[in-house]
Amino acid sequence: MRKFALNPHRRKFVPGLFLLVVLLVLNACSSDNSNAPSTSVNPFAPTDGSFNHNLGPGASAHDFLASDTYTQLVVEIQYMDGYKPTPDAVSQLKTFLGNRLNKPSGISFIYTQIAPGGKSTYTLDDIAKMEENNRTEFTDGRKLAAYFLFLDGGYTDDTDKSKVLGVTYRNTSVAIFEKTIQSLTDQPTEPQRYVLEATVYEHEFGHVLGLVNNGSPMQTDHEDASHPHHCDNSNCLMNWQVESGGVVGNLFGTNPIPTLDQNCLDDLKANGGK
Ligand SMILES: [Zn+2]
Ligand SMILES: [Zn+2]
């Protein structure tokens with residue numbers, strides 16, 4: 001109500017903009033669970049029985065959620081010049097993880113700037129190679145490691161009408177198309193940057209946590225039949241049909257980042273989460 005009265009002009013712009021954003025998020029999800037990159041070399045697949053970082057999205061959901069094996073999480077953030085995630089968005093992600101993961105020894109973030117990729121768009125193979133060339137944090141002892149790569153370009157499947165914002169491509173690995181996010185959040189009529197960033201980061205981490213029906217078994221059937229591994233609740237963080245209703249306004253509200261609905265929360269709890 002308040003935002004409507006204060007800024008009807010902005011309100012007027014929301015639906016079209018949001019539809020665009022929705023399509024982007026949707027497309028981000030259309031590929032994020034399909035398969036791991038088809039690299040011929042798998043340096044993250046150990047032969048000595050230690051943690052395997054080269055599994056598919058959601059394969060390590062329990063390890064992230066519970067504390068029986070891993071009590072600590074380190075998220076390694078590697079970014080290209082100009083595409084570092086905003087502190088507010090990372091703070092939101094940290095809170096999101098803290099609320100869901102049992103990590104009594106803490107959740108921390110490590111930042112490293114890496115060389116520009118220099119491409120306008122990237123394939124999954126490109127992304128996997130950059131991870132293999134740059135990643136330094138790996139699961140060890142009681143410490144679990146996740147990897148977030150922030151790119152200076154878009155995704156190979158991008159079109160004029162839809163662009164991918166993030167891809168969860170391995171059990172501990174996420175790529176964020178930060179340049180695309182920035183391009184959608186640089187106008188006053190567009191969402192605040194940290195809101196769109198946090199929405200994408202949290203959504204992708206939801207896939208790392210096995211949502212929906214991809215590593216964290218469903219306690220109640222709520223997978224969207226048309227969009228595998230997404231939630232059928234239009235207001236849920238893990239939904240991609242957010243064109244309608246409340247979520248549109250929520251991107252501009254006082255608490256704009258979509259949250260997990262009860263069905264998604266129940267799945268995470270049943271798999272060892274909070
Ligand atoms: Zn998704
Ligand atoms: Zn849900």
Side-chain angles (χ1 to χ4, degrees), residues 18-37 56-61 64-65 89 92-93 96-97 99-101 124 127 146 148-149 151 154-158 162-178 180-181 184 195-247 250-251 255 257-271 273-274:
F18 196 76
L19 181 60
L20 174 64
V21 170
V22 166
L23 287 172
L24 298 173
V25 173
L26 296 192
N27 276 279
C29 305
S30 66
S31 60
D32 54 10
N33 285 298
S34 54
N35 37 51
S60 300
F64 279 93
L65 291 162
Q92 292 283 339
L93 176 62
F96 173 80
L97 296 176
N99 288 339
R100 303 277 73 87
L101 311 186
L124 278 184
I127 291 165
F148 266 63
L149 176 61
L151 295 158
Y155 187 55
T156 186
D157 287 354
D158 286 350
S162 69
K163 298 186 190 306
V164 174
L165 301 183
V167 177
T168 302
Y169 60 99
R170 282 174 175 156
N171 54 329
T172 71
S173 307
V174 173
I176 301 294
F177 300 97
E178 188 70 19
T180 309
I181 292 179
L184 293 166
V195 171
L196 183 57
E197 288 179 311
T199 300
V200 175
Y201 306 167
E202 292 180 13
H203 179 101
E204 295 307 325
F205 221 110
H207 289 310
V208 173
L209 301 180
L211 296 173
V212 172
N213 195 26
N214 195 39
S216 285
M218 289 190 293
Q219 305 305 295
T220 303
D221 187 7
H222 67 107
E223 185 177 18
D224 184 337
S226 305
H227 308 290
H229 309 320
H230 290 91
C231 182
D232 63 5
N233 182 340
S234 61
N235 291 317
C236 179
L237 175 68
M238 297 311 294
N239 187 271
W240 65 4
Q241 289 188 328
V242 281
E243 293 94 336
S244 61
V247 181
N250 284 348
L251 265 188
N255 187 20
I257 300 163
T259 57
L260 294 172
D261 71 348
Q262 195 60 49
N263 283 335
C264 283
L265 290 171
D266 289 347
D267 295 351
L268 298 186
K269 275 182 196 155
N271 200 18
K274 291 183 185 172

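The first residue of the sequence shown is numbered 1, and numbering continues consecutively from there. Heavy-atom basis, side chains included; hydrogens, waters and symmetry copies ignored. In each ligand, atom 1 is the first atom listed, and ligand 1 is the first ligand listed. Since the model is a prediction, treat every value here as computed from it, not as a measurement.
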Answer yes if the side chains of [X] and [Y] hold a donor-acceptor pair under 3.5 Å, and no otherwise.
X: Asn171; Y: Ser60; result: yes
X: Asp267; Y: His222; result: yes
X: Asp266; Y: Gln219; result: no
X: His207; Y: His230; result: yes

**Prompt:** Hey, are the side chains of Leu260 and Glu202 touching, using non-hydrogen atoms and a 4.5 Å cut-off?
**Reply:** no
**Prompt:** Is it true that some N/O/S atom of His207, main chain or side chain, lies under 2.8 Å from the Zn ion (ligand 1)?
**Reply:** yes
**Prompt:** N/O/S of His222 less than 2.8 Å from the Zn ion (ligand 2)?
**Reply:** no
**Prompt:** the Zn ion (ligand 2) to Asp261: any N/O/S contact under 2.8 Å?
**Reply:** yes
**Prompt:** For His230, what is the atom name of its N, O or S atom nearest to the Zn ion (ligand 1)?
**Reply:** NE2
**Message:** Please give the atom name: the N, O or S atom of His203 nearest to the Zn ion (ligand 1).
**Reply:** NE2
**Asked** What is the SG(Cys236)-the Zn ion (ligand 2)-SG(Cys231) angle, to the nearest 10 degrees?
**Response** 120°
